[in-house]
2 protein chains.
Amino acid sequence: MAKRVKARLVDVARDAGVSPATVSRAMAQPDLLTPDTLARVHDSARKLGYRPDGMARALASGRTMTIGAIVPTLDSTIFARVLQAMQSALAREGYQLLVASHEMNPAAETEAVRTLLTRGVDGLMLVGAERSQDTAMLLRTAGVPVVLSWVGTQDCAAVTVDNRLAGHLAARHLIGLGHRRIGMVVGHLPFNDRQQARLAGARQALHEAGLDLPGALVSEQGLTMAGGRAGCARLLELGEPPSAIIGGIDLFAIGCIQEAQSRGIAVPEALSVVGIDDIEMSAHITPALTTVMIPTARIGQLCAATLLAEIKGERRHEQTELPIELVVRQSTAAGRQVLPAKAASTASTARQAFP
Amino acid sequence: MAKRVKARLVDVARDAGVSPATVSRAMAQPDLLTPDTLARVHDSARKLGYRPDGMARALASGRTMTIGAIVPTLDSTIFARVLQAMQSALAREGYQLLVASHEMNPAAETEAVRTLLTRGVDGLMLVGAERSQDTAMLLRTAGVPVVLSWVGTQDCAAVTVDNRLAGHLAARHLIGLGHRRIGMVVGHLPFNDRQQARLAGARQALHEAGLDLPGALVSEQGLTMAGGRAGCARLLELGEPPSAIIGGIDLFAIGCIQEAQSRGIAVPEALSVVGIDDIEMSAHITPALTTVMIPTARIGQLCAATLLAEIKGERRHEQTELPIELVVRQSTAAGRQVLPAKAASTASTARQAFP
DNA sequence: ATCTTGAATGATAGCGCTTTCATCAAAACT
DNA sequence: AGTTTTGATGAAAGCGCTATCATTCAAGAT
């Protein structure tokens, strides 16, 4: 017998002696059926190895049970973490995560949005607020909820963090320790408003303290540890090197520490380093990294929740700003100008971080 | 006028004065049409803001242009890297990546496979060969190409790496340096055949050298840097601690180095550490990590290529084993038994790594 | 001039499911 | 008993597209 490979809903219906509609209901709203018919349908379904066809279902119902996420890159602890959190939260509600990355290329982002929208998603998560006109237009006519992360805009839902404040906190911490010449390693600024904001925040803090963050003390690097090392190297080789460096991401800061140490420059005694993110590793390196904690996983979780709520029509354009905070560990110490040789007294400063 | 929100194919057809079939062809096989009609269709499509409906297309054509990937966790450099590589390779061919993770839980993997299959994917990528009966059964009746990564089986395509050899290489390197008492920090073994194989390989190398890797010298930990530190701590606190430690993943090895250093134990002078993976960071820490290089990105790239080839019917059950190799850096040195105090002579050993 | 052939396009039957709307029996009211 | 209500099920119309087959018409072959 030339048996169909895959059992369809109608096959189950025929086998169970009911109409297709009943089988459909058995899957979606079981409580509408008599326990008896329900059982009969289930038996037939199991017997035939019936597996519903998601595409047919999506076409008929208009819901795909899929959320799209477009991140700058997957190859980053940060975004991996966020996606992991989103995925877990979504899976709990039966949703799937469709991911794409644009590698810091606005046109690639447009393309990704277009593809995901065409493919059919019930919601879309993007990173940052800066994007091309094309992408913005697509989003406006998308017809599905959108949530922005890290940096958002008022015209759609957002789960954000004050990146400017992050830079500000990092810089202020160093200023408070007496540092006057502070450098920063940041990611490439074009199409990365998170890094732009962090840099701006740091610069602002310095200005407020009557200091300056000249371009020469800022090094733009690719988002890797090697980038951190390279940036650090560049800053240290300046005629007048900084006494403290802010890493636009923790990975940079960790790279800075490595680079300094490999040059025989003690951290934090001769160079203070602060990061931003607080990735897992930061607490475990030596010296443990002082950094600004960004609740990455929470961002992912809330992006999922926000999207789901909007899909259900419960909320609209919900804005959430998550708190961040400075976590003082061992990579920062008083600047030389203030406490020329007293390394000991700085230890207590660092220890304040562990109440 | 109660205008439809979304333009459909028929709307374009009507506007362009052609049949739906022609519009469909204009999108899929443009060369079948007269340049004139093609242009007319494109104009109408643009004018109406037509965006094809992926679900309808999928239902009608049976192709979803989506590949599913199920990894143990997204929150890992390794898997993030692999997915990144897959995603890039797939995007180039117009495919999307649907990701799921199972957090080392076989039942969750089954569920993920079921959902992805139901959702509709044209191919599936999984990690490792060990899985529940249920999952295996689902896969067998999936009806779409499957590719396994890291560890595979003969009954479906696989892009693998010899994990046993990885452990073997790491151990042999240490044995060659004169170490007799070697410990290992591995990930939790249940449902992780990569770690199992790496441990087995290390153990085998030790046996071949007339040595032993007793359970007491093996510490199972969660796949984080904190896990590496904890494992290292456990091993170092043994009555007779090892003179060298193998990290089942680089993150463990890096954690071991940190833990040792924080206890004032010099690496590699007093403790040698080898990792497996060769993540970006490994080359940049101090001392740079000696490790077994696993071509992670290449695995992802090949998984994508293998799946695509199988979808096109070009190949079937293609097996690819990627070469791996020991990368000697600075974290390993001669064991105390052989060269009691000559740290200098070990430096040259390390430098061999950079030809 | 007639017949083939082939390229371009049209007509249309599904793809497998959801979802009104209709139906019908049984239960709950007058 | 007669009527309304309720709950469970069935009938069937799409969802928007692809793909098969049929049709048309002009160009080349006879």
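Letters A, B, ... are given to chains in the order of the sequence lines, protein chains preceding strands, and every chain is numbered from 1.
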Between [options], which nucleotide gets closest to the side-chain atoms of [X]?
| X | options | value |
| --- | --- | --- |
| B:Asp53 | D:dG16, C:dT18, C:dG10 | D:dG16 |
| B:Ala21 | C:dA11, D:dT18, C:dT9 | C:dA11 |
| B:Leu9 | D:dC17, D:dG16, C:dT12 | D:dC17 |
| B:Pro52 | C:dC17, C:dT20, D:dC17 | D:dC17 |
| B:Leu59 | D:dC17, C:dG16, C:dC17 | C:dG16 |
| B:Ala60 | C:dT9, D:dG16, C:dG16 | D:dG16 |

For atom [atom1] of [X] and atom [atom2] of [N], their distance in whole Å:
| X | N | atom1 | atom2 | result |
| --- | --- | --- | --- | --- |
| A:Arg8 | C:dG14 | CZ | C1' | 11 Å |
| B:Lys6 | D:dG16 | NZ | P | 8 Å |
| A:Leu32 | D:dT9 | CG | P | 9 Å |
| A:Arg25 | D:dG10 | CZ | C1' | 8 Å |
| A:Gln29 | D:dT9 | CD | P | 13 Å |
| A:Leu38 | D:dT9 | CG | P | 9 Å |
| A:Met55 | D:dC17 | CE | P | 16 Å |
| A:Arg14 | C:dG16 | CZ | C1' | 13 Å |

Which residue lies more 5' along DNA chain C, comparing B:Gly17 with B:Ala56 via nearest heavy atoms
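The answer here is B:Gly17.
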Pair A:Asp43 + A:Arg40: basic N to acidic O under 4.0 Å:
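Result for this pair is no, no salt bridge flagged.
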At under 4.0 Å, does any side-chain N or O of [X] touch on OP1 or OP2 of [N]?
| X | N | value |
| --- | --- | --- |
| A:Thr22 | D:dG10 | yes |
| A:Ser61 | C:dT18 | no |
| B:Arg63 | C:dC15 | no |
| A:Thr34 | D:dT9 | yes |
| B:Ser24 | D:dC17 | no |

How are the rings of B:Phe191 and B:His102 set to each other: parallel, tilted or perpendicular (split at 30° and 60°)?
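The arrangement is tilted - the two ring planes meet at 30° to 60°.
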Is a donor on one side and an acceptor on the other found under 3.5 Å between the side chain of B:Thr160 and the backbone of B:Thr320?
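Between the backbone of B:Thr320 and the side chain of B:Thr160 there is a qualifying donor-acceptor contact (under 3.5 Å).
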Quick check: does any side chain N or O of B:Gln319 sit under 3.5 Å from a backbone N or O of B:Cys156, one acting as donor and the other as acceptor?
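At least one qualifying donor-acceptor pair exists.
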Pairwise 5' ranking along DNA chain D for A:Asp31 and A:Pro20, keeping only the more 5' one
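Of the two residues, A:Asp31 wins.
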Heavy-atom pair of closest approach, residues B:Tyr50 and B:Ala7
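Closest approach of B:Tyr50 to B:Ala7, heavy atoms only: CD1-O, 3.3 Å.
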By the 4.0 Å heavy-atom rule, please label B:Val23 as base, sugar-phosphate, or nothing.
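No contact at all - B:Val23 keeps every heavy atom at 4.0 Å or more from the nucleic acid.
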For a quick check of understanding: with a heavy-atom distance under 4.0 Å over all strands, which category does A:Leu33 fall into, base, sugar-phosphate or nothing?
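Sugar-phosphate, no base atom in range.
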Base of D:dG16, side chain of B:Arg51 - is there a donor-acceptor contact under 3.5 Å?
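It does not, because no donor-acceptor pair links the side chain of B:Arg51 to the base of D:dG16 below 3.5 Å.
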Would you say B:Glu314 has more than 12 foreign heavy atoms packed within less than 6.0 Å of its CD?
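Counting other residues, nucleotides and ligands, CD of B:Glu314 exceeds 12 neighbours.
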